[in-house]
Undergrad: 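Take this structure first; my questions come after.
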There are 2 protein chains.
Amino acid sequence: MNVPNKRKAATEQVSELTTGRLSVYLRCLNQLEADGVETISSQALAERFHLNAAQIRKDLAYFGEFGVRGVGYYVKDLKLHLRKILGLDRSLRVAVLGAGNLGMALADYPGFRREGFEIVAMFDSAEGKIGVESRSGVPIHDIRDLRKVLRRERIDIVVLAVPAESAQHVLDQVAGSGVKAVLNFSPGTLKVPEGIKLKSVDLTVSLESLSFFLAQGDSST
Amino acid sequence: MNVPNKRKAATEQVSELTTGRLSVYLRCLNQLEADGVETISSQALAERFHLNAAQIRKDLAYFGEFGVRGVGYYVKDLKLHLRKILGLDRSLRVAVLGAGNLGMALADYPGFRREGFEIVAMFDSAEGKIGVESRSGVPIHDIRDLRKVLRRERIDIVVLAVPAESAQHVLDQVAGSGVKAVLNFSPGTLKVPEGIKLKSVDLTVSLESLSFFLAQGDSST
(Lines give C-alpha, C1' and ligand atoms only; values in the text may rest on other atoms or scores of the structure.)
Protein backbone atom coordinates (compact mmCIF):
# COMPACT_ATOMS: atom_id res chain seq x y z
CA MET A 1 0.00 0.00 0.00
CA ASN A 2 1.18 3.48 -0.71
CA VAL A 3 -0.82 5.21 2.00
CA PRO A 4 1.06 8.24 3.29
CA ASN A 5 2.17 7.59 6.77
CA LYS A 6 3.48 9.97 9.35
CA ARG A 7 6.30 7.75 10.47
CA LYS A 8 7.51 7.20 6.94
CA ALA A 9 7.53 10.91 6.21
CA ALA A 10 9.56 11.50 9.34
CA THR A 11 12.04 8.75 8.69
CA GLU A 12 12.59 9.25 4.99
CA GLN A 13 15.28 11.87 5.39
CA VAL A 14 16.96 10.42 8.41
CA SER A 15 20.59 9.92 7.61
CA GLU A 16 22.63 6.90 8.48
CA LEU A 17 24.42 9.12 10.95
CA THR A 18 21.23 9.65 12.92
CA THR A 19 20.35 5.96 12.97
CA GLY A 20 23.87 5.33 14.19
CA ARG A 21 23.28 7.71 17.09
CA LEU A 22 19.90 6.15 17.87
CA SER A 23 21.65 2.79 18.09
CA VAL A 24 24.12 4.26 20.53
CA TYR A 25 21.31 5.73 22.67
CA LEU A 26 19.63 2.33 22.65
CA ARG A 27 22.83 0.73 23.86
CA CYS A 28 23.03 3.30 26.69
CA LEU A 29 19.40 2.72 27.68
CA ASN A 30 20.04 -1.04 27.86
CA GLN A 31 22.86 -0.30 30.27
CA LEU A 32 20.70 2.06 32.36
CA GLU A 33 17.89 -0.49 32.53
CA ALA A 34 20.34 -3.16 33.64
CA ASP A 35 21.49 -0.77 36.38
CA GLY A 36 17.88 -0.23 37.56
CA VAL A 37 17.67 3.42 36.43
CA GLU A 38 14.03 4.35 35.64
CA THR A 39 14.24 7.95 34.40
CA ILE A 40 17.07 10.08 33.06
CA SER A 41 17.48 13.61 31.71
CA SER A 42 19.23 14.28 28.42
CA GLN A 43 21.91 16.06 30.46
CA ALA A 44 22.56 13.06 32.71
CA LEU A 45 22.46 10.69 29.73
CA ALA A 46 25.02 12.85 27.94
CA GLU A 47 27.31 13.07 30.96
CA ARG A 48 27.23 9.40 31.78
CA PHE A 49 27.96 8.20 28.26
CA HIS A 50 30.05 11.11 26.95
CA LEU A 51 27.38 12.27 24.49
CA ASN A 52 26.00 15.68 23.49
CA ALA A 53 22.80 16.64 25.37
CA ALA A 54 21.54 19.07 22.73
CA GLN A 55 22.10 16.47 20.03
CA ILE A 56 20.18 13.85 22.03
CA ARG A 57 17.20 16.20 22.41
CA LYS A 58 17.31 17.12 18.74
CA ASP A 59 17.57 13.53 17.52
CA LEU A 60 14.73 12.32 19.73
CA ALA A 61 12.44 15.32 19.12
CA TYR A 62 12.59 14.45 15.45
CA PHE A 63 10.60 11.29 16.10
CA GLY A 64 8.11 12.71 18.60
CA GLU A 65 7.95 14.11 22.11
CA PHE A 66 9.51 11.48 24.32
CA GLY A 67 10.76 13.67 27.16
CA VAL A 68 8.63 14.64 30.19
CA ARG A 69 9.22 18.06 31.72
CA GLY A 70 10.95 17.81 35.09
CA VAL A 71 11.47 14.07 34.69
CA GLY A 72 13.45 13.56 31.52
CA TYR A 73 12.98 10.29 29.69
CA TYR A 74 11.42 7.11 31.00
CA VAL A 75 14.16 4.59 30.26
CA LYS A 76 11.86 1.64 29.47
CA ASP A 77 9.50 3.68 27.28
CA LEU A 78 12.24 5.42 25.34
CA LYS A 79 13.94 2.09 24.77
CA LEU A 80 10.75 0.62 23.28
CA HIS A 81 10.27 3.70 21.10
CA LEU A 82 13.82 3.53 19.78
CA ARG A 83 13.53 -0.19 19.10
CA LYS A 84 10.39 0.53 17.09
CA ILE A 85 12.00 3.37 15.11
CA LEU A 86 14.98 1.15 14.33
CA GLY A 87 12.69 -1.67 13.18
CA LEU A 88 13.78 -3.89 16.07
CA ASP A 89 10.25 -4.50 17.33
CA ARG A 90 10.27 -7.72 15.33
CA SER A 91 12.91 -10.38 15.02
CA LEU A 92 15.15 -10.15 11.94
CA ARG A 93 16.57 -13.31 10.41
CA VAL A 94 20.24 -13.14 9.51
CA ALA A 95 22.55 -15.43 7.53
CA VAL A 96 26.36 -15.22 7.67
CA LEU A 97 28.18 -16.03 4.43
CA GLY A 98 31.65 -17.38 5.09
CA ALA A 99 32.49 -19.57 8.08
CA GLY A 100 36.08 -18.46 8.60
CA ASN A 101 37.24 -16.77 11.81
CA LEU A 102 35.34 -13.57 11.04
CA GLY A 103 32.12 -15.36 10.07
CA MET A 104 32.29 -17.52 13.19
CA ALA A 105 32.94 -14.48 15.37
CA LEU A 106 29.94 -12.68 13.84
CA ALA A 107 27.65 -15.71 14.12
CA ASP A 108 28.39 -15.98 17.82
CA TYR A 109 28.56 -12.21 18.56
CA PRO A 110 26.35 -11.85 21.65
CA GLY A 111 25.34 -8.25 20.81
CA PHE A 112 23.39 -9.30 17.71
CA ARG A 113 21.16 -11.76 19.54
CA ARG A 114 20.56 -9.31 22.37
CA GLU A 115 19.10 -6.77 19.94
CA GLY A 116 16.77 -9.24 18.26
CA PHE A 117 18.87 -10.34 15.30
CA GLU A 118 18.48 -14.06 14.92
CA ILE A 119 21.46 -15.70 13.20
CA VAL A 120 19.84 -18.75 11.65
CA ALA A 121 22.27 -19.93 9.00
CA MET A 122 25.89 -19.84 7.87
CA PHE A 123 27.35 -20.81 4.51
CA ASP A 124 30.74 -22.00 3.37
CA SER A 125 32.28 -23.95 0.52
CA ALA A 126 34.82 -25.97 2.54
CA GLU A 127 34.00 -29.69 2.86
CA GLY A 128 35.09 -29.84 6.47
CA LYS A 129 32.80 -27.02 7.54
CA ILE A 130 29.54 -27.89 5.77
CA GLY A 131 27.18 -29.73 8.10
CA VAL A 132 28.85 -28.62 11.33
CA GLU A 133 27.65 -25.86 13.68
CA SER A 134 29.11 -22.69 15.16
CA ARG A 135 29.74 -22.64 18.91
CA SER A 136 26.31 -21.12 19.51
CA GLY A 137 24.65 -23.74 17.30
CA VAL A 138 24.26 -22.00 13.93
CA PRO A 139 24.31 -24.67 11.17
CA ILE A 140 26.76 -24.25 8.28
CA HIS A 141 25.24 -24.94 4.86
CA ASP A 142 26.85 -25.60 1.51
CA ILE A 143 27.22 -22.26 -0.30
CA ARG A 144 25.92 -24.01 -3.44
CA ASP A 145 22.51 -24.16 -1.72
CA LEU A 146 22.63 -20.44 -0.95
CA ARG A 147 19.52 -19.20 -2.78
CA LYS A 148 17.42 -22.19 -1.78
CA VAL A 149 18.26 -21.90 1.91
CA LEU A 150 17.97 -18.07 1.99
CA ARG A 151 14.43 -18.38 0.64
CA ARG A 152 13.44 -21.33 2.81
CA GLU A 153 14.75 -19.66 5.97
CA ARG A 154 13.14 -16.31 5.02
CA ILE A 155 16.42 -14.44 5.60
CA ASP A 156 16.11 -10.62 5.96
CA ILE A 157 19.78 -9.65 6.19
CA VAL A 158 22.92 -11.30 4.87
CA VAL A 159 26.34 -10.70 6.43
CA LEU A 160 29.16 -11.04 3.90
CA ALA A 161 32.30 -12.43 5.53
CA VAL A 162 33.87 -14.25 2.60
CA PRO A 163 37.38 -13.58 1.18
CA ALA A 164 37.59 -10.46 -1.04
CA GLU A 165 38.06 -12.51 -4.20
CA SER A 166 34.72 -14.30 -3.88
CA ALA A 167 32.69 -11.38 -2.47
CA GLN A 168 31.26 -10.13 -5.79
CA HIS A 169 30.25 -13.59 -6.96
CA VAL A 170 28.53 -14.39 -3.67
CA LEU A 171 26.79 -10.99 -3.60
CA ASP A 172 25.41 -11.61 -7.09
CA GLN A 173 23.99 -14.92 -5.86
CA VAL A 174 22.19 -13.12 -3.02
CA ALA A 175 20.32 -10.93 -5.51
CA GLY A 176 16.96 -12.43 -6.35
CA SER A 177 16.78 -14.51 -3.18
CA GLY A 178 14.42 -12.08 -1.45
CA VAL A 179 17.19 -10.64 0.75
CA LYS A 180 17.11 -6.81 0.65
CA ALA A 181 19.98 -5.86 2.93
CA VAL A 182 23.63 -6.89 3.13
CA LEU A 183 26.23 -6.05 5.76
CA ASN A 184 29.60 -6.37 4.04
CA PHE A 185 32.92 -7.00 5.79
CA SER A 186 34.85 -7.67 2.61
CA PRO A 187 37.48 -4.96 1.92
CA GLY A 188 37.17 -4.42 -1.87
CA THR A 189 34.65 -2.28 -3.77
CA LEU A 190 31.53 -4.14 -4.87
CA LYS A 191 28.97 -3.58 -7.59
CA VAL A 192 25.69 -3.68 -5.71
CA PRO A 193 22.86 -5.54 -7.48
CA GLU A 194 19.60 -3.64 -7.86
CA GLY A 195 17.13 -4.04 -5.01
CA ILE A 196 19.83 -4.56 -2.41
CA LYS A 197 20.95 -2.09 0.25
CA LEU A 198 24.58 -2.72 1.09
CA LYS A 199 26.37 -1.37 4.12
CA SER A 200 30.10 -1.92 4.34
CA VAL A 201 32.10 -2.10 7.53
CA ASP A 202 35.70 -1.27 6.75
CA LEU A 203 37.77 -2.23 9.75
CA THR A 204 40.83 -0.46 8.37
CA VAL A 205 39.04 2.93 8.47
CA SER A 206 38.78 2.69 12.25
CA LEU A 207 42.44 1.84 12.64
CA GLU A 208 43.36 4.73 10.35
CA SER A 209 41.45 7.22 12.43
CA LEU A 210 43.63 6.13 15.37
CA SER A 211 46.73 6.41 13.21
CA PHE A 212 45.70 9.97 12.34
CA PHE A 213 45.27 10.72 16.04
CA LEU A 214 48.72 9.33 16.82
CA ALA A 215 50.30 11.36 13.98
CA GLN A 216 48.77 14.54 15.41
CA GLY A 217 50.14 13.73 18.84
CA ASP A 218 53.64 13.24 17.46
CA SER A 219 53.67 16.63 15.75
CA SER A 220 52.96 18.44 19.03
CA THR A 221 55.56 16.81 21.26
CA MET B 1 58.84 20.81 20.90
CA ASN B 2 55.85 23.06 20.81
CA VAL B 3 56.75 24.83 17.61
CA PRO B 4 53.61 25.87 15.73
CA ASN B 5 53.28 23.83 12.64
CA LYS B 6 51.07 24.36 9.67
CA ARG B 7 50.05 20.76 9.39
CA LYS B 8 49.10 20.55 13.03
CA ALA B 9 46.97 23.67 12.84
CA ALA B 10 45.22 22.25 9.81
CA THR B 11 44.61 18.85 11.30
CA GLU B 12 43.56 19.89 14.77
CA GLN B 13 39.95 20.46 13.90
CA VAL B 14 39.54 17.59 11.51
CA SER B 15 36.71 15.46 12.70
CA GLU B 16 36.68 11.69 12.77
CA LEU B 17 34.17 11.90 9.95
CA THR B 18 36.74 13.53 7.68
CA THR B 19 39.46 11.03 8.52
CA GLY B 20 36.92 8.32 7.74
CA ARG B 21 36.36 9.83 4.29
CA LEU B 22 40.10 10.21 3.70
CA SER B 23 40.45 6.50 4.46
CA VAL B 24 37.76 5.75 1.91
CA TYR B 25 39.51 7.91 -0.73
CA LEU B 26 42.73 6.07 0.03
CA ARG B 27 41.00 2.75 -0.50
CA CYS B 28 39.68 3.99 -3.88
CA LEU B 29 43.12 5.23 -4.93
CA ASN B 30 44.60 1.83 -4.10
CA GLN B 31 42.02 0.29 -6.40
CA LEU B 32 42.75 2.81 -9.18
CA GLU B 33 46.48 2.24 -8.89
CA ALA B 34 45.94 -1.52 -9.11
CA ASP B 35 43.90 -0.89 -12.27
CA GLY B 36 46.71 1.18 -13.79
CA VAL B 37 44.86 4.51 -13.66
CA GLU B 38 47.35 7.41 -13.41
CA THR B 39 45.17 10.52 -13.12
CA ILE B 40 41.54 11.05 -12.15
CA SER B 41 39.19 14.02 -11.74
CA SER B 42 37.11 14.44 -8.60
CA GLN B 43 34.06 13.93 -10.81
CA ALA B 44 35.28 10.60 -12.17
CA LEU B 45 36.42 9.49 -8.72
CA ALA B 46 32.98 10.30 -7.34
CA GLU B 47 31.16 8.49 -10.13
CA ARG B 48 33.25 5.39 -10.01
CA PHE B 49 33.00 4.92 -6.24
CA HIS B 50 29.60 6.48 -5.57
CA LEU B 51 31.03 9.44 -3.69
CA ASN B 52 30.30 13.18 -3.70
CA ALA B 53 32.61 15.20 -6.00
CA ALA B 54 32.17 18.52 -4.15
CA GLN B 55 32.88 16.80 -0.83
CA ILE B 56 36.04 15.21 -2.25
CA ARG B 57 37.32 18.61 -3.43
CA LYS B 58 36.46 20.22 -0.11
CA ASP B 59 38.07 17.49 1.98
CA LEU B 60 41.28 17.49 -0.06
CA ALA B 61 41.54 21.27 -0.40
CA TYR B 62 41.61 21.42 3.38
CA PHE B 63 45.03 19.78 3.39
CA GLY B 64 46.56 21.63 0.46
CA GLU B 65 46.22 21.96 -3.30
CA PHE B 66 46.47 18.45 -4.66
CA GLY B 67 44.47 18.83 -7.85
CA VAL B 68 45.96 19.99 -11.16
CA ARG B 69 43.75 22.04 -13.48
CA GLY B 70 42.70 20.06 -16.54
CA VAL B 71 44.23 16.87 -15.16
CA GLY B 72 42.60 16.18 -11.83
CA TYR B 73 44.61 14.28 -9.29
CA TYR B 74 47.73 12.22 -9.86
CA VAL B 75 46.72 8.90 -8.30
CA LYS B 76 50.17 7.97 -6.95
CA ASP B 77 50.88 11.44 -5.54
CA LEU B 78 47.50 11.85 -3.90
CA LYS B 79 47.81 8.41 -2.37
CA LEU B 80 51.17 9.32 -0.81
CA HIS B 81 49.75 12.60 0.48
CA LEU B 82 46.76 10.88 2.06
CA ARG B 83 48.95 8.25 3.65
CA LYS B 84 51.04 11.02 5.17
CA ILE B 85 48.02 12.92 6.47
CA LEU B 86 46.64 9.73 8.01
CA GLY B 87 49.99 8.99 9.65
CA LEU B 88 50.49 5.90 7.52
CA ASP B 89 53.88 6.99 6.21
CA ARG B 90 55.46 4.89 8.95
CA SER B 91 54.65 1.40 10.11
CA LEU B 92 52.40 1.16 13.18
CA ARG B 93 52.80 -1.75 15.56
CA VAL B 94 49.55 -3.36 16.67
CA ALA B 95 48.69 -5.96 19.32
CA VAL B 96 45.40 -7.87 19.42
CA LEU B 97 44.06 -8.69 22.89
CA GLY B 98 41.92 -11.82 22.88
CA ALA B 99 42.63 -14.79 20.59
CA GLY B 100 39.03 -15.97 20.08
CA ASN B 101 37.40 -16.05 16.66
CA LEU B 102 37.22 -12.25 16.44
CA GLY B 103 40.81 -11.71 17.60
CA MET B 104 42.07 -14.33 15.16
CA ALA B 105 40.06 -12.78 12.32
CA LEU B 106 41.50 -9.33 13.11
CA ALA B 107 45.08 -10.61 13.45
CA ASP B 108 44.87 -12.17 9.99
CA TYR B 109 42.75 -9.41 8.35
CA PRO B 110 44.64 -8.70 5.10
CA GLY B 111 43.49 -5.04 4.93
CA PHE B 112 45.47 -4.07 8.03
CA ARG B 113 48.80 -5.30 6.74
CA ARG B 114 48.20 -3.73 3.33
CA GLU B 115 47.87 -0.29 4.92
CA GLY B 116 51.03 -0.60 6.99
CA PHE B 117 49.65 -1.85 10.28
CA GLU B 118 51.94 -4.54 11.55
CA ILE B 119 50.19 -7.03 13.84
CA VAL B 120 53.06 -8.21 15.99
CA ALA B 121 51.46 -9.82 19.04
CA MET B 122 48.29 -11.39 20.38
CA PHE B 123 47.33 -12.11 23.97
CA ASP B 124 45.04 -14.60 25.64
CA SER B 125 44.58 -16.27 29.00
CA ALA B 126 43.70 -19.76 27.75
CA GLU B 127 46.41 -22.38 28.34
CA GLY B 128 45.84 -24.03 24.97
CA LYS B 129 46.34 -20.80 23.05
CA ILE B 130 49.40 -19.31 24.72
CA GLY B 131 52.56 -20.10 22.78
CA VAL B 132 50.81 -20.93 19.49
CA GLU B 133 50.49 -18.65 16.45
CA SER B 134 47.66 -17.29 14.31
CA ARG B 135 47.40 -18.53 10.73
CA SER B 136 49.51 -15.61 9.51
CA GLY B 137 52.14 -16.26 12.17
CA VAL B 138 51.30 -13.79 14.96
CA PRO B 139 52.47 -15.25 18.30
CA ILE B 140 49.95 -15.51 21.18
CA HIS B 141 51.35 -14.36 24.52
CA ASP B 142 50.12 -14.93 28.06
CA ILE B 143 47.88 -11.99 28.97
CA ARG B 144 49.66 -11.88 32.34
CA ASP B 145 52.74 -10.62 30.48
CA LEU B 146 50.69 -7.87 28.78
CA ARG B 147 52.50 -4.75 30.00
CA LYS B 148 55.93 -6.26 29.66
CA VAL B 149 55.37 -7.41 26.07
CA LEU B 150 53.56 -4.21 25.00
CA ARG B 151 56.60 -2.21 26.12
CA ARG B 152 59.17 -4.60 24.71
CA GLU B 153 57.41 -4.76 21.31
CA ARG B 154 56.89 -0.96 21.25
CA ILE B 155 53.16 -1.37 20.46
CA ASP B 156 51.40 1.77 19.15
CA ILE B 157 47.80 0.52 18.95
CA VAL B 158 45.96 -2.16 20.88
CA VAL B 159 42.89 -3.92 19.47
CA LEU B 160 40.52 -5.06 22.22
CA ALA B 161 38.75 -8.29 21.25
CA VAL B 162 38.20 -9.86 24.66
CA PRO B 163 34.78 -10.85 26.12
CA ALA B 164 32.76 -7.90 27.48
CA GLU B 165 33.22 -8.98 31.10
CA SER B 166 37.01 -8.71 30.98
CA ALA B 167 37.27 -5.64 28.71
CA GLN B 168 37.54 -3.01 31.48
CA HIS B 169 40.14 -4.96 33.42
CA VAL B 170 42.27 -5.50 30.33
CA LEU B 171 41.91 -1.86 29.26
CA ASP B 172 43.13 -0.72 32.68
CA GLN B 173 46.20 -2.93 32.23
CA VAL B 174 46.96 -1.24 28.90
CA ALA B 175 47.15 2.17 30.60
CA GLY B 176 50.71 2.97 31.54
CA SER B 177 52.23 0.60 28.99
CA GLY B 178 53.03 3.38 26.53
CA VAL B 179 50.10 2.50 24.25
CA LYS B 180 48.09 5.62 23.38
CA ALA B 181 45.35 4.28 21.14
CA VAL B 182 42.85 1.44 21.48
CA LEU B 183 40.44 0.05 18.94
CA ASN B 184 37.64 -1.59 20.93
CA PHE B 185 35.32 -4.34 19.67
CA SER B 186 33.81 -5.12 23.06
CA PRO B 187 30.11 -4.17 23.21
CA GLY B 188 29.79 -2.60 26.72
CA THR B 189 30.60 0.95 27.82
CA LEU B 190 34.14 1.42 29.11
CA LYS B 191 35.78 3.92 31.40
CA VAL B 192 38.73 5.15 29.35
CA PRO B 193 41.98 5.63 31.31
CA GLU B 194 43.68 9.00 30.95
CA GLY B 195 46.17 9.30 28.11
CA ILE B 196 44.38 6.75 25.93
CA LYS B 197 42.32 7.46 22.84
CA LEU B 198 39.65 4.79 22.47
CA LYS B 199 37.65 4.15 19.33
CA SER B 200 34.84 1.65 19.56
CA VAL B 201 33.50 -0.39 16.68
CA ASP B 202 29.97 -1.47 17.50
CA LEU B 203 29.00 -4.12 14.99
CA THR B 204 25.37 -3.98 16.13
CA VAL B 205 25.05 -0.34 15.03
CA SER B 206 25.68 -1.34 11.42
CA LEU B 207 23.09 -4.10 11.53
CA GLU B 208 20.60 -1.70 13.09
CA SER B 209 21.00 0.81 10.30
CA LEU B 210 20.00 -1.99 7.90
CA SER B 211 17.08 -2.90 10.15
CA PHE B 212 15.97 0.75 10.02
CA PHE B 213 16.21 0.65 6.23
CA LEU B 214 14.12 -2.53 6.08
CA ALA B 215 11.49 -1.05 8.43
CA GLN B 216 11.17 1.97 6.14
CA GLY B 217 10.73 -0.28 3.13
CA ASP B 218 7.96 -2.21 4.84
CA SER B 219 6.00 0.92 5.62
CA SER B 220 5.94 1.92 1.95
CA THR B 221 4.83 -1.38 0.41
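Residue numbers start from 1 in every chain, and the chains themselves are labelled A, B, ... in the order their sequence lines are given, proteins ahead of strands.
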Undergrad: Does any heavy atom of chain B fall under 4.5 Å from the side chain of A:R135, the backbone, both, or neither of them?
TA: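 The answer is the side chain of A:R135.
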Undergrad: With a 4.5 angstrom heavy-atom cut-off, is it the side chain or the backbone of B:E208 that approaches chain A, or both, or neither?
TA: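 Both the backbone and the side chain of B:E208 come within 4.5 Å of chain A.
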Undergrad: Using non-hydrogen atoms and a 4.5 Å limit, figure out which bit of B:N30 sits close to chain A: side chain, backbone, both or neither.
TA: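 For B:N30, no heavy atom lies under 4.5 Å from chain A.
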Undergrad: Locate the shortest heavy-atom distance separating B:F185 from A:Y109; write the atom from each residue and the value.
TA: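 Minimum heavy-atom separation between B:F185 and A:Y109: O-OH, 3.8 Å.
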Undergrad: Taking all heavy atoms of B:A215 and all of A:G87, pick out the closest pair and write down the distance.
TA: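 B:A215 and A:G87 have their closest heavy atoms at CB-CA, 3.6 Å.
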Undergrad: Please report the interatomic distance CZ(A:R27) to OG1(B:T204), rounded to the nearest 0.5 Å.
TA: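 If I round to the nearest 0.5 Å, the distance is 5.0 Å.
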Undergrad: Can you tell me which portion of B:L183 sits under 4.5 Å from chain A's heavy atoms? Options are side chain, backbone, both or neither.
TA: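 Both backbone and side chain.
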Undergrad: Might you work through the side chain to side chain contact (heavy atoms under 4.5 Å, CB included) test for A:R21 and B:V205, ending with a clear yes or no?
TA: CA-CA 8 Å; A:R21 287 197 302 267; B:V205 169; over 6 Å; no
Undergrad: Relative to chain B, which segment of A:I157 carries a heavy atom at a distance below 4.5 Å: side chain, backbone, both, or neither?
TA: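 The side chain, not the backbone.
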Undergrad: Can you tell me which of B:V94, B:L102, B:L203, B:V201 forms the most heavy-atom pairs within a distance under 4.5 Å of chain A?
TA: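 Most heavy-atom pairs under 4.5 Å with chain A: B:L203.
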Undergrad: Among A:S23, A:C28, A:G103, A:A181, who wins on heavy-atom pairs under 4.5 Å with chain B?
TA: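 Greatest number of close heavy-atom pairs with chain B: A:S23.
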Undergrad: With a 4.5 angstrom heavy-atom cut-off, which part of B:L88 approaches chain A: side chain, backbone, both or neither?
TA: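 When you check distances to chain A, atoms from both the backbone and side chain of B:L88 fall under 4.5 Å.
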Undergrad: How many angstroms lie between CG in A:N101 and CG in B:L106, if you round to the nearest 0.5 Å?
TA: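 Answer for the CG-CG pair, A:N101 versus B:L106, is 9.5 Å.
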Undergrad: Checking B:F49 against chain A: side chain, backbone, both or neither under 4.5 Å from a heavy atom?
TA: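 Contact with chain A involves the side chain of B:F49 alone.
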Undergrad: Using non-hydrogen atoms and a 4.5 Å limit, figure out which bit of B:F112 sits close to chain A: side chain, backbone, both or neither.
TA: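 Both backbone and side chain.
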Undergrad: Do the side chains of B:F117 and A:L210 get nearer than 4.5 Å, heavy atoms only?
TA: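 Not touching, per the 4.5 Å side-chain cut-off.
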Undergrad: Quick check: closest heavy atoms across B:K197 and A:F213, and the distance to 0.1 Å?
TA: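 Smallest interatomic distance, heavy atoms only, reads CB-CE2, 3.1 Å.
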Undergrad: Is it the case that more than 12 heavy atoms not belonging to B:E133 sit under 6.0 Å from its CD atom?
TA: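 Result for CD/B:E133: enclosed.
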Undergrad: Going through the checks in order, is the side chain to side chain contact (heavy atoms under 4.5 Å, CB included) test met by A:L92 and B:L214?
TA: CA-CA 10 Å; A:L92 285 167; B:L214 291 174; 4.2 Å; yes
Undergrad: With no hydrogens and no angle check, is any side-chain donor or acceptor of A:S211 less than 3.5 Å from a backbone partner on B:L86?
TA: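 Such a contact is found between A:S211 side chain and B:L86 backbone.
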Undergrad: Considering residues, nucleotides and ligands other than A:E38, do more than 12 of their heavy atoms fall under 6.0 Å from its CD?
TA: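 Count not over threshold, so no.
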Undergrad: Please name the pair of heavy atoms, one in B:F212 and one in A:T19, separated by the smallest distance, quoted to 0.1 Å.
TA: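 Result for this residue pair: CD2-CG2, 3.3 Å.
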